[in-house]
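All chains are named by letter (A, B, ...) in the order of the sequence lines, taking the proteins before the strands, and each is independently numbered beginning at 1. In what follows, every heavy atom counts, from backbone to side chain, and hydrogens, waters and symmetry copies are set aside.
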There are 2 protein chains.
Amino acid sequence: MVGIRDAAARTGLSADTLRYYERIGLIEDVTRDGAGHRQYGDQDLRWLEFLLKLRRTGMHIHQMTAYARLVRQGPHTQAARQAMLEAHRDEVVARIAELTEHLSALDYKIALYRDGGMT
Amino acid sequence: MVGIRDAAARTGLSADTLRYYERIGLIEDVTRDGAGHRQYGDQDLRWLEFLLKLRRTGMHIHQMTAYARLVRQGPHTQAARQAMLEAHRDEVVARIAELTEHLSALDYKIALYRDGGMT
DNA sequence: GTAGCCCTTGGAGTGCGCTCCAACGCAACC
DNA sequence: GGTTGCGTTGGAGCGCACTCCAAGGGCTAC
């Protein structure tokens, strides 16, 4: 069990963002210590790391809250969750393809500069 | 020479965005017809397509305006422009690597759902 | 000449994802 | 018991990249 400061340091999110994520329902209500301070367990940290992966691959916050809601609703939402992840996966694949394509254009332009062919 | 509507259609940007890009100095003042309407030439369209590539690879608007400013200043800024593009290229490569890495995590999770291993 | 349409402008508004703030609480240490 | 330090809350503010709006101008068709 770690405080919000440590949870922030471990996940790379800010303490403000952790509180924000809780507010919008991305994280289930975190347990509190005697002073009312949040205490994050291993499960919380793993969930946060997973959320961060979704976020860093461009999933929108509202989709993430939808996914989180499904998780909370229990095992009968597995198929829906799987479908969400698969749809997102396809978007990530497409994004990688787009970046790779534009990268060649960028490389081509850089080569022109290197050859002194640009004015 | 095409009007703003056609330029928007061809580049995939909106007419509003084209005017916005001009306002912030991303595009040099576009020539106008008798009625004061913008007319985009081939060179303008090629420049817009290049801007769009930078944008779609995650370059920030203010970096793009910096690049545009260098182009306007003439040939003696070639080295600076090349450096900007190379730095951006490195970011794109890093971004692709990150996406690819997170993609495996996503695939792993999807496989768990497929095997019925998730609750 | 008037209706319809597309364009112009400056400026305000929007949605996203945080980020910051003031006011306060509690616990520990001197 | 005062100070320090870390946390709490609700709500306001921010930066980005557009996006929309009202008011108006000019061309074309009828």
Phosphate-side-chain proximity, Arg5(A) and dG7(D), N/O vs OP1/OP2 below 4.0 Å: yes
Nucleotide dC18(D), atom P - distance to CD of Glu22(B) in whole Å: 15 Å
Same apolar cluster (I L V M F W Y, side chains within < 4.5 Å links), Ile24(B)/Val71(B): yes
Whole-Å distance separating the CG atom of Leu18(B) from the C1' atom of dC20(D): 16 Å
Any donor-acceptor N or O pair under 3.5 Å, side chains Gln78(A), Gln82(A): no
Nearest-nucleotide comparison on DNA chain D, the residue closer to the 5′ end among Arg55(B) and Asp16(A): Asp16(A)
Rounded interatomic separation in angstrom, taking CG from Leu54(B) and P from dA17(D): 13 Å
Centroid separation Phe50(A) to Tyr67(A) less than 6.0 Å: yes
Touch class at under 4.0 angstrom, heavy-atom based, for Arg23(A) against every strand present: base
Nearest heavy atoms of Gly3(A) and Tyr40(A), plus distance in Å: O-CD1, 4.0 Å
Of Arg95(B), Arg56(B), Arg55(B), the residue whose pairing with Glu98(A) passes salt bridge (charged side-chain N to carboxylate O under 4.0 Å, His left out): Arg56(B)
NZ/NE/NH1/NH2 to OD/OE distance under 4.0 Å, Glu101(A) and Lys53(B): no
Smallest separation among heavy atoms of Ala8(B) and Ser14(B), with atom names: CB-C, 4.0 Å
Distance test, side-chain N/O of His60(B) to OP1/OP2 of dA17(D), below 4.0 Å: yes
Student check: side-chain heavy atoms of Ile4(A) and Val30(A) closer than 4.5 Å: no
Any Thr17(B) side-chain nitrogen or oxygen under 4.0 Å from OP1 or OP2 of dT19(D): yes
Sugar-phosphate only, base, or nothing, as touched by Arg19(A) at under 4.0 Å among non-hydrogen atoms: base
Per-nucleotide protein contact string for nucleotides 22-29 of chain D, where B marks a base within reach and S marks sugar-phosphate only (heavy atoms under 4.0 Å, - for neither): --------
CE-CZ distance between Met64(A) and Arg69(A), expressed to the nearest 0.5 angstrom: 12.5 Å
Positional range of nucleotides in DNA chain C within the contact set of chain A, heavy-atom, under 4.0 Å: dG17(C) to dG25(C)
Side-chain N,O (Tyr20(B)) to OP1/OP2 (dC20(D)) below 4.0 Å: no
5' precedence on DNA chain C between Met59(A) and Asp6(B) (nearest-nucleotide basis): Asp6(B)
